[in-house]
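Numbered from 1 within each chain, the chains take letters A, B, ... in sequence-line order.
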Amino acid sequence: MSADADADGDRAYDHEVVEREWRRRFEESGRYEPDPDEGEDPTFITVPYPYPSGGMHVGHARTYLVPDVYARFERLRGEQVLFPMAWHFTGTPIVGAVERVRKRDPDQIETLTDAFDVPEDDLERLETPEGYARYFAEEADASYRRGMRQLGLSVDWRREFTTSDERYSKFVSWQYRTLRDRGLLEEGLHPVNFCTNERQPVTTHDLLEGEDAEFQEFTLVRFGYADDDAFEDAVLPMATLRPETVRGVTNAYVDPEAEYARATVDGETWLVSAAATEKFELQGRSVEVHERFAGERLVGADVENPVTGDRVVVLPAEFVDAADATGVVMSVPAHSPDDYLALREVTERADDLTAYGIDPQRVQAIEPEPILEIDDYGDVPARDVVEAAGIESSTDPELEAVTQDLYRSEFHRGRLLSAYGEFAGETVADVREQFRDSHRERGHFDRMYEFTEPVVCRCGGDVEVAQQDTWFLRYNDDAWRDLAHEAVDDIDAVPENTREQYHHTVDWLEEWPCIRNYGLGTRLPWDDEFVIEPLSDSTIYMSYYTIAHRIDEVPVEDLDREFFDTLLLGEGEDERAADMREEFEHWYPVDVRFSANDLVNNHLSFFLYHHAELFDRPEWPQGVTVMGMGLKEGEKMSSSKGNVELPGEVVDEYGADTVRFFQLNAGEPWQDFDWRPEAVESTREAVDRFWSRAVDLIDDDGDGDVAVDGDPDRRPIDRWLLSRLQSTVRAVTDALENYETREASQAVFYDFEEQLRWYRRRVDTARPAARRTLREVLRTRLRLLAPFMPFLTNELHERLTGEPAEDAAWPEPDETLVDAAVETEESLVRALTEDVHEVRDVTGTDPEVLRVYVAADWKRKVLATVAEHAPDPDRGAVMGDVMSDADLRERGDAVNDLVSDLVESVRERSPEERERLAAVDETAVYEGAVDFLAREFDADVEVYREDGDPHDPADRAGSARPFRPAVHIE
RNA sequence: GCAGGGAUAGCCAAGUCAGGUCAACGGCGCAGCGUUCAGGGCGCUGUCCCGUAGGGGUCCGCAGGUUCAAAUCCUGCUCCCUGCACCA
């Protein structure tokens with residue numbers, strides 16, 4: 001140290017120096033790299049491997065810190081713990097990001113350089129997916145691996161791998177071949193976003209417009225062309241989201257100006273807009289266009305409703321958008337305000353329709369056709385709402401809201417009329433799908449997909465919904481689903497209310513398309529055009545950790561089905577795999593999976609599904625703990641918004657222990673936590689204070705003299721502190737067993753600090769026995785804090801005792817140090833102190849003398865009588881008993897008042913507490929606190945007994961009650 | 001709409017499952033005092049209203065109810081957040 005360093009230089013906490021030393025020791029010791037031992041039941045914990053589409057920020061950090069705390073806790077308790085880490089390279093976002101880097105997309109470059117401090121020179125390395133992923137996984141300053149090391153995660157780095165490693169791919173291939181053999185994979189068509197310009201599927205990240213657009217499944221009502229001309233027998237499919245309104249169709253509309261086509265679609269003749277023929281082709285239909293013509297050609301035709309057999313006329317309408325859906329629209333004026341207005345308008349100018357060869361009278365005769373009844377509306381709800389809102393035309397801006405309102409009401413409360421047969425009287429919400437399906441089966445309905453709004457690719461091309469050949473995981477398979485439910489029942493779900501969410505998800509999951517067209521990852525074993533997508537290649541990889549550090553011994557080509565059958569199922573003859581199976585059997589199952597709460601309804605449920613199918617029940621996951629997300633000053637942390645904090649930077653600024661402690665203490669794991677610099681700063685100050693006090697204690701007596709059994713110099717207040725320490729040990733242990741990092745860290749750090757504040761106030765802490773007590777306390781607290789602050793606690797513990805905290809054992813509550821009596825007595829002193837403060841403040845008197853009057857014995861007798869009536873004393877009954885005592889009876893009203901008071905106090909206290917109080921010698925307790933009270937109030941302190949002829953100049957003694965002495969200050 | 005979560009004093013936030021010790025932990029901010037220069041740090045005190053004696057009043061999203069007793073239990077309502085599928 002330099003000569004001019006300030007006097008306290010060696011006391012201030014220099015986190016950089018301490019952390020550097022311990023980071024080195026953590027890595028060199030290999031202590032987090034366990035191999036199977038004799039122990040029967042090791043602890044295996046996992047977290048989602050990071051997806052390095054960008055760097056690590058502190059919003060991610062807690063996901064790894066909570067398991068690290070649990071890992072360190074279990075190790076201190078003597079458990080063998082495996083906490084591994086790997087990298088998830090699979091997926092399309094990295095590929096998309098690389099594309100944008102190559103094009104030097106300004107937004108992308110800004111995110112990288114601003115949020116993650118990527119130097120200009122490094123950009124070139126980000127031009128391949130592998131390079132990009134490796135960069136953010138391991139190489140960048142803001143990489144996950146660096147962040148994790150800086151934060152001191154106790155990870156077994158020997159087992160690190162990436163999901164594009166060839167050996168990992170062999171493992172995933174085995175998984176998918178096995179699932180396929182078991183009939184849990186199925187081939188089929190699936191809608192995707194498809195760029196019509198690039199002729200390939202695109203992700204939402206690739207979109208310029210319409211990122212929030214969803215595609216909807218429309219029902220096509222197959223109206224039949226009913227005129228006997230060249231189009232005879234053709235189908236006019238009309239798209240609707242409300243298939244049940246089919247019985248309310250009064251007419252159809254086309255755009256007379258737009259281009260329509262006659263095409264053979266899947267072997268039938270269809271009449272639709274020209275634009276629609278392309279969509280049908282994309283959606284997996286075979287389409288051959290024979291002729292194109294203006295919509296006018298269809299106007300005036302009769303079409304036949306497939307459900308009712310009624311014939312309705314096709315009318316012209318400008319509002320029809322031929323680019324949307326099929327370009328042929330069915331009109332339900334009774335239930336659609338749009339259609340109602342359109343009908344009214346077309347009726348008004350019915351005479352113009354003669355130009356199309358339509359009889360105006362036929363149009364004027366069209367009446368809305370109700371299909372359901374709904375309370376608060378008349379027969380024709382669309383007319384009601386239009387008239388009520390005073391809407392005159394289809395361009396009225398209010399129309400949209402009115403329409404949505406009506407649709408919602410009809411959906412939830414509308415009851416179908418008798419024409420609906422088996423569905424009559426039911427609400428639309430209850431039967432829409434069944435109704436649709438039944439008509440689909442009968443060939444009346446078909447389907448198509450369409451976006452809710454225009455979608456445009458970054459390349460400028462129009463994006464449409466396409467049906468693509470794909471493979472599905474059959475999560476809706478009944479037997480598999482049952483197994484998954486059992487797996488849900490088996491786990492320790494934390495917090496418990498997530499269990500219901502897993503069950504709900506399992507019931508709701510349908511088939512899951514498990515492949516993509518491009519991206520890093522594992523190729524589908526039997527069709528290398530496709531890549532297994534990220535949520536599907538990460539369901540059982542926890543098992544891969546068990547052998548990840550040894551699998552390089554085996555040549556890739558030997559990693560065949562036999563190998564993994566042997567390794568994971570114990571069903572093969574591969575010798576090397578059989579040998580490695582011991583590792584698998586040692587570590588499996590996963591004891592706790594720590595994950596994010598938004599993964600419950602996909603990844604975590606898949607994780608349970610796949611384990612349930614592929615492994616025997618004893619190997620199923622034992623627990624899943626989900627975590628909330630990270631906010632920064634109340635906003636979601638997001639790298640694209642630039643509001644992120646990088647672990648490297650905050651560790652430099654505040655120190656790793658502070659960053660860890662802050663995050664673990666900011667809320668329970670499953671709650672969201674908010675990173676607020678001022679709060680982190682305040683944590684840093686508390687950590688520094690802890691350090692200085694500890695160093696101070698350690699330095700003033702270098703002999704490490706901490707524990708003296710039955711220290712004869714110990715005073716009650718020392719015993720009080722040690723007793724509180726035991727309850728803290730219990731509280732921290734209980735909390736950590738339940739993953740409650742906030743509860744635990746709060747108890748050992750801040751809450752106990754409160755106790756220490758009282759202790760320091762209460763006694764002279766320079767006393768040797770006090771120093772010994774404080775060192776004993778420090779030793780225990782260091783071990784309790786070790787999971788949270790591994791750097792600082794190891795350092796201090798080693799300075800105090802000669803060994804690092806992580807070499808010591810987790811503390812057990814020492815029953816011989818638990819002293820309920822002394823805690824009760826101390827609570828009386830505390831209460832008295834508070835009372836005197838209050839009196840002093842209210843009166844504004846700075847006391848010269850403080851007189852304390854302990855209640856008279858007869859009052860204790862009254863209390864005892866009241867207590868006999870616990871837990872719910874009745875005043876009358878108590879008074880009866882009390883008055884039977886002649887001595888008390890004489891005291892009359894004083895007794896009456898006292899009883900009322902004591903009845904309350906008895907009701908509010910537990911039996912144990914009353915018992916402890918009854919044993920207290922109040923006078924002795926206050927006399928023992930005289931020195932303290934004198935110091936606290938800078939006054940002379942006198943303790944009297946109410947019935948001991950006290951000096952009582954202000955006549956206060958009479959108001960003393962048991963355990964609530966009267967006081968007088970002057 | 002469905003599912004899950006939430007609403008507590010200037011701000012953050014504990015307490016709610018197991019009603020009483022809750023005017024309601026703790027932190028931040030603010031104010032005062034002390035620590036023998038200031039500042040910082042540290043310590044103490046105060047921070048809903050009234051009160052020169054430890055008390056009283058009002059309070060925990062809104063409105064009711066149960067109870068000797070409600071932030072906590074019950075009923076109804078309002079508002080906010082997250083997810084609802086192929087982005088990981």
A.B. asks: So what does A:Y51 touch, heavy atoms closer than 4.0 Å: a base, only the sugar-phosphate, or nothing?
C.D. replies: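 Since only primed, P, OP1 and OP2 atoms lie under 4.0 Å of A:Y51, the category is sugar-phosphate.
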
A.B. asks: If I pick the C1' atom on B:G27 and the same atom on B:C77, what distance separates them, to the nearest angstrom?
C.D. replies: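 The answer is 34 Å between these two C1' atoms.
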
A.B. asks: Think A:T843 has a side-chain N or O under 4.0 angstrom from the OP1 or OP2 of B:G54?
C.D. replies: no

A.B. asks: With both distances under 3.5 Å as the test, what is the Watson-Crick or G-U wobble partner of B:A3?
C.D. replies: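 Paired with B:A3, as far as the under-3.5 Å criterion goes, is B:U82.
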
A.B. asks: Could you state the atom-to-atom distance from CG of A:D537 to C1' of B:A88 in whole Å?
C.D. replies: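 A:D537 atom CG is separated from B:A88 atom C1' by 11 Å.
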
A.B. asks: Give A:R757 one of three labels, base, sugar-phosphate or nothing, depending on what nucleic acid heavy atoms sit under 4.0 Å from its own.
C.D. replies: sugar-phosphate

A.B. asks: Please determine whether the number of non-hydrogen atoms from other residues, nucleotides or ligands lying under 6.0 Å from atom CD of A:E685 exceeds 12.
C.D. replies: yes

A.B. asks: Mind checking who B:U16 pairs with, Watson-Crick or G-U wobble, both distances under 3.5 Å?
C.D. replies: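 Because no pair has both required distances under 3.5 Å, B:U16 counts as unpaired.
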
A.B. asks: Quick check on A:E433: does its CD atom have over 12 non-hydrogen neighbours (other residues, nucleotides or ligands) under 6.0 Å away?
C.D. replies: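 At most 12 heavy atoms, drawn from other residues, nucleotides or ligands, come within 6.0 Å of this atom.
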
A.B. asks: A:L509 or A:R693: which one's nearest nucleotide on RNA chain B is closer to the 5' end?
C.D. replies: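 That would be A:R693.
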
A.B. asks: In whole angstroms, how far is the P atom of B:C12 from the CH2 atom of A:W675?
C.D. replies: 19 Å

A.B. asks: In whole angstrom, what separates A:F89's CZ from B:A88's P?
C.D. replies: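 After rounding, the reported distance stands at 15 Å.
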
A.B. asks: Starting at CG of A:D835 and ending at P of B:G54, how long is that distance when rounded to a whole Å?
C.D. replies: 10 Å

A.B. asks: Please state the C1' separation for the pair B:C17 and B:G10 - nearest whole angstrom.
C.D. replies: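 Rounded to whole Å, the distance is 31 Å.
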
A.B. asks: Take atom CD of A:E496 and atom P of B:U16, then tell me their distance rounded to the nearest Å.
C.D. replies: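 It is 18 Å, rounded to the nearest whole Å.
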
A.B. asks: Using the P atom as the reference point in each nucleotide, state the distance between B:U45 and B:C50 in Å, no decimals.
C.D. replies: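 Rounded to whole Å, the distance is 22 Å.
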
A.B. asks: With sugar-phosphate meaning primed atoms plus P, OP1 and OP2, does A:N601 contact a base, only sugar-phosphate, or nothing at under 4.0 Å between heavy atoms?
C.D. replies: sugar-phosphate

A.B. asks: For the pair made of CD in A:E681 and C1' in B:C12, what is the distance, rounded to whole Å?
C.D. replies: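 It is 17 Å, rounded to the nearest whole Å.
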
A.B. asks: Taking B:G61 as the reference, what is the distance to B:A14 when you measure between their P atoms (whole Å, please)?
C.D. replies: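 Looking at atom P only, B:A14 and B:G61 are 14 Å apart.
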
A.B. asks: For the residue pair A:Y750 / A:E754, report whether a side-chain donor-acceptor contact shorter than 3.5 Å exists.
C.D. replies: no

A.B. asks: What integer number of Å spans the C1' atoms of B:C80 and B:U75?
C.D. replies: 22 Å

A.B. asks: Near A:E970 CD, under 6.0 Å, is it more than 12 heavy atoms from other residues, nucleotides or ligands?
C.D. replies: yes

A.B. asks: What nucleic acid atoms does A:S959 come within less than 4.0 Å of, heavy atoms only: base, sugar-phosphate, or nothing?
C.D. replies: base

A.B. asks: Quick check on RNA chain B: between A:D672 and A:P534, whose nearest nucleotide comes earlier from the 5' end?
C.D. replies: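 Nearest-nucleotide comparison on RNA chain B picks A:D672.
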
A.B. asks: Within the distance-only criterion (no hydrogens, no angle test), does the side chain of A:Q283 pair as donor or acceptor with the backbone N or O of A:V465 below 3.5 angstrom?
C.D. replies: yes

A.B. asks: Might you work through the ring pair (Phe, Tyr, Trp, His ring centres under 6.0 Å) test for A:H60 and A:Y144, ending with a clear yes or no?
C.D. replies: CA-CA 9 Å; A:H60 303 122; A:Y144 280 87; 5.4 Å; yes

A.B. asks: How far, in whole Å, is B:G26 from B:A38 if one measures between their P atoms?
C.D. replies: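 It comes out at 29 Å once rounded to the nearest Å.
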
A.B. asks: Return the value, rounded to whole Å, for the distance between atom CG of A:L520 and atom P of B:C87.
C.D. replies: 16 Å

A.B. asks: Mind checking A:A966 for me? I need base, sugar-phosphate or nothing, with any heavy atom below 4.0 Å counting as a touch.
C.D. replies: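 Here A:A966 touches the bases of the nucleic acid.
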
A.B. asks: Look at all strands and tell whether A:R761 reaches a base, only sugar-phosphate, or nothing, counting heavy atoms closer than 4.0 Å.
C.D. replies: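 A:R761: backbone/sugar contact only, no base atoms under 4.0 Å.
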
A.B. asks: Distance-only, no hydrogens or angles: does the A:R62 side chain make a donor-acceptor pair with backbone N or O of A:P669 under 3.5 Å?
C.D. replies: yes

A.B. asks: With both distances under 3.5 Å as the test, what is the Watson-Crick or G-U wobble partner of B:A31?
C.D. replies: B:U45

A.B. asks: With both distances under 3.5 Å as the test, what is the Watson-Crick or G-U wobble partner of B:C60?
C.D. replies: none

A.B. asks: Looking only at atom P, what distance separates B:U58 and B:U35, rounded to whole Å?
C.D. replies: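 Per the computed distance, 42 Å lies between those P atoms.
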
